[in-house]
There are 4 protein chains.
Amino acid sequence: MTEPARRTPGRPRDVDTHEAVLEATRAILLEQGYHRLTFGAVADAAGTTRSTLYRWWPTLGALVLEAAADNIDIGEVPDSGDSRTDVECAVRQLIRTFSDPLAKIVIMAAIANLDGDMDMATRFREEAVYPWRSTAAAAIERARDRGDLSPGSDPTFLLNVIVGTVFQCTVVPAKPMLDGLEGGLLDLILPPAR
Amino acid sequence: MTEPARRTPGRPRDVDTHEAVLEATRAILLEQGYHRLTFGAVADAAGTTRSTLYRWWPTLGALVLEAAADNIDIGEVPDSGDSRTDVECAVRQLIRTFSDPLAKIVIMAAIANLDGDMDMATRFREEAVYPWRSTAAAAIERARDRGDLSPGSDPTFLLNVIVGTVFQCTVVPAKPMLDGLEGGLLDLILPPAR
Amino acid sequence: MTEPARRTPGRPRDVDTHEAVLEATRAILLEQGYHRLTFGAVADAAGTTRSTLYRWWPTLGALVLEAAADNIDIGEVPDSGDSRTDVECAVRQLIRTFSDPLAKIVIMAAIANLDGDMDMATRFREEAVYPWRSTAAAAIERARDRGDLSPGSDPTFLLNVIVGTVFQCTVVPAKPMLDGLEGGLLDLILPPAR
Amino acid sequence: MTEPARRTPGRPRDVDTHEAVLEATRAILLEQGYHRLTFGAVADAAGTTRSTLYRWWPTLGALVLEAAADNIDIGEVPDSGDSRTDVECAVRQLIRTFSDPLAKIVIMAAIANLDGDMDMATRFREEAVYPWRSTAAAAIERARDRGDLSPGSDPTFLLNVIVGTVFQCTVVPAKPMLDGLEGGLLDLILPPAR
DNA sequence: ACTTAAGCGAGACGGTACGTCTCGTCTTAAC
DNA sequence: GTTAAGACGAGACGTACCGTCTCGCTTAAGT
């Protein structure tokens with residue numbers, strides 16, 4: 001009832017190989033970094049050949065984004081009815097994601113390719129950045145509508161504060177600086193009752 | 001008293017070539033991006049050869065950092081006696097620097113090379129990041145000592161807020177989002193008198 | 001009486017496709033040469049797929065030989081009773097065949113594959129070379145038995161003279177050199193009465 | 001006094017590598033045939049890399065022609081004053097060359113590339129075929145002028161008889177057929193005194 | 001004026017990765 | 001059982017940079 005079970009002709013894609021490639025990609029990214037990620041290296045590690053990789057992933061960026069899809073996905077921010085709870089949820093999810101080693105590597109690679117492989121940068125934005133931004137923006141707007149923000153605060157600007165600060169505290173430094181990050185951000189954005 | 005004017009024997013370095021290389025580097029970075037910056041391309045554009053480049057710059061990163069030194073340097077934050085004036089000065093300088101097209105490219109390249117060409121990342125941090133951070137940190141600490149910050153604020157954290165937010169508003173988006181950036185940051189860090 | 005019309009089970013071979021493949025092979029050979037003849041190209045031109053080609057022709061050589069069978073076949077040399085008439089017939093048939101554009105291409109491909117695709121070279125010899133050689137050899141031997149050859153001439157050697165000379169005058173040069181070829185050869189082999 | 005000893009700037013070509021490449025080419029041709037001759041295989045066998053090969057030889061054909069230059073060169077036919085001696089010399093040199101295993105392989109490769117890599121075919125003609133043809137043609141014309149040929153014989157045609165027959169007796173068959181080849185050809189072209 | 005030492009252009013070298021192409025084999029669904 | 005469709009491992013192709021090297025010529029400073 002879910003699937004009409006309609007199959008296309010031709011030999012079906014080899015799912016084992018597919019998964020082995022993604023796994024090899026993750027391994028190389030974590031162990032050697034993006035600058036060592038090579039079609040040849042991935043093919044060798046996955047026990048397949050470059051031809052097969054090129055068939056499915058036109059560029060390294062596409063491969064990376066698919067391999068790290070789970071690590072990059074940020075998820076939902078439910079409407080709890082309480083402003084602080086909502087924003088806290090959004091911030092926490094962001095911190096968790098940016099603290100993931102694989103996600104860090106992918107984020108830096110995406111930034112590195114802001115020029116050059118536009119494909120990767122664009123898809124990264126569309127698949128990872130925008131969804132979270134719109135979700136978090138909704139939470140912040142709800143808070144504003146309840147009057148919990150500093151008067152005159154622009155939700156988009158606050159979003160940039162959150163993302164930028166988390167980025168600066170987690171991705172940029174060699175050792176993440178997580179102490180007081182979550183609380184500090186919340187206090188900035190939702191000034192505690194005076 | 002400054003220099004005994006003691007010269008080494010042999011032909012002195014060709015300053016015209018030196019400057020032409022830096023200029024060619026800047027031109028390629030601005031016109032084609034970092035991923036197109038190649039020793040060969042620079043040599044051709046500067047009318048010299050790769051051998052000469054390799055003699056003076058061991059890596060592309062070193063070349064970029066020297067070529068963009070002026071664009072990356074952020075400068076001093078004098079002690080004006082007024083907290084808001086000091087922090088405003090620091091923020092404004094950061095925004096100005098991060099808005100420079102060449103600086104943007106170099107910053108992204110440095111982040112991209114956080115793995116890989118450690119040399120560039122390290123030198124970027126030492127030459128561009130730390131000086132500004134320590135200067136700005138001093139300004140913030142002065143503000144804290146005067147009691148102008150929200151109580152309990154950590155100067156290091158506030159620095160990350162500033163850098164991260166400015167980065168997020170200027171470098172990351174295709175079009176910089178400068179509206180309200182300076183004022184918004186100051187209001188966050190130095191809560192206006194109520 | 002000719003065939004019990006005994007059919008094998010399953011779908012019969014698609015004769016239209018079969019003929020389309022041979023026609024496509026001839027077209028590509030004539031228009032683009034042997035080095036452009038590719039299973040993929042033939043399949044595309046014939047409106048079928050590579051798998052089908054591989055089922056019926058194990059190698060390009062087999063495909064070529066079947067496609068050019070008519071162009072390569074040289075035919076009979078009847079015993080006319082007159083030595084010169086017999087040898088003239090054999091030489092003329094050889095010249096006609098070696099002048100055929102498709103045959104030229106196939107002959108060169110066969111020689112090219114004297115190493116490598118032994119299959120093609122061998123089958124070419126067996127299907128095209130030997131039949132003509134034995135027929136022509138018989139004609140020459142009849143001439144020798146009638147005393148019409150130069151005394152001491154070896155029929156096999158004369159065969160090589162004929163084949164080699166025709167090859168050299170038709171296949172090798174960009175423009176065939178047919179003037180006086182037939183007559184010249186006959187005069188060499190059957191010295192005119194003095 | 002012979003050479004101004006004027007050297008070009010830049011690192012001089014590595015003659016050891018150069019010779020190793022040619023030697024490796026010869027070895028592969030003899031042991032595995034032209035269809036196994038690959039830039040990669042040559043590079044490996046010569047202990048160098050494909051890049052270096054591509055620097056000097058744009059195509060496999062160019063490499064083959066240089067590697068086999070000595071084997072292909074046919075040499076002079078001096079004017080001895082005697083027709084039979086001259087033609088005998090030309091024929092003997094041709095037989096010797098066509099009997100050389102490496103030359104056989106190269107000749108077949110050149111024929112195979114009569115379409116396709118025109119470069120090789122053309123250069124083969126110009127470097128190997130034409131020189132011998134013009135030398136041998138001169139010898140035959142001297143013989144004609146002395147009245148030693150059959151009356152009415154065309155020197156160009158006789159050249160084709162010689163080349164074609166030798167080709168047919170040496171290159172085409174798996175085992176060369178040299179018995180009586182030289183004498184047979186001479187008797188055909190210069191009819192013995194009657 | 002002559003020596004000396006470094007700078008510079010030219011360009012070859014061994015590597016490595018790229019992205020494309022064809023090969024021959026294979027696995028499915030439809031006919 | 002044949003066909004179309006198409007994925008798969010294999011491996012050669014020609015190009016582009018890399019970082020290193022070996023040259024011959026040039027340019028001053030020091031003798």
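Below, each value reflects all heavy atoms present in this structure, side chains not excepted, and no hydrogens, waters or symmetry copies. The structure displayed is predicted, hence computed values, not measured ones. Throughout, a chain's letter reflects where its sequence line sits, starting with A, and its residues are numbered from 1.
Atom OH of C:Tyr54 is separated from atom CG of C:Leu63 by 10.5 Å, given to the nearest 0.5 angstrom. For the atom pair OH of A:Tyr34 and CD1 of A:Ile105, the computed distance is 12.0 Å after rounding to the nearest 0.5 Å.
In this structure, D:His35 places its NE2 atom 15 Å from P of F:dG11, rounding to the nearest Å. Straight-line distance from the CG atom of B:Leu60 to the P atom of F:dA16: 18 Å, rounded to whole Å. Rounded to whole angstrom, the span from the CG atom of A:Asp14 across to the P atom of F:dC8 amounts to 6 Å. Taking atom CG on A:Asp44 and atom C1' on E:dT16, their separation rounds to 13 Å, with Å as the unit. In this structure, CH2 of C:Trp57 is placed 13 Å from P of F:dT2, rounded to the nearest angstrom. As rounded to whole Å, 5 Å separates atom C1' of E:dG7 from atom CZ of B:Arg11. The distance from atom CZ of A:Phe39 to atom P of E:dC18 is 7 Å, rounded to the nearest whole Å. If you take CG of D:Leu63 and C1' of F:dG14, they are 15 Å apart, rounded to a whole angstrom.
The nearest pair of heavy atoms linking A:Ala24 to A:Ala45 is CB-CB, 3.8 Å.
Non-hydrogen atoms lying under 4.0 Å from DNA chain F are contributed by C:Gly47, C:Thr48, C:Thr49, C:Arg50, C:Ser51, C:Thr52, C:Arg55, C:Trp56, all within residues 47-56 of chain C.
Between D:His18 and A:Thr38, the residue anchored nearer the 5' end of DNA chain E, judged by the nucleotide with its closest heavy atom, is D:His18. For B:Leu37 and D:Ala41, each mapped to the nucleotide of DNA chain F holding its nearest heavy atom, the one lying further toward the 5' end belongs to D:Ala41. When each of A:Arg13 and B:Pro58 is assigned the nucleotide of DNA chain F bearing its nearest heavy atom, the one mapping closer to the 5' terminus is A:Arg13.
Legend: residues meeting side-chain hydrogen bond (donor to acceptor under 3.5 Å, both in side chains) with C:Thr17, ordered by chain and number and at least two apart, are C:Asp14.
Counting only heavy atoms from C-beta outward, the side chains of D:Val21 and D:Trp56 never approach each other to under 4.5 Å.
Using a 4.0 Å cut-off between charged side-chain N and carboxylate O, B:Glu126 and B:Arg123 make no salt bridge. Taking the charged nitrogens against the carboxylate oxygens, D:Glu19 and D:Arg13 have no contact shorter than 4.0 Å, which rules out a salt bridge.
Residue C:Thr17 places no side-chain N or O under 4.0 Å from the OP1 or OP2 atom of F:dT3.
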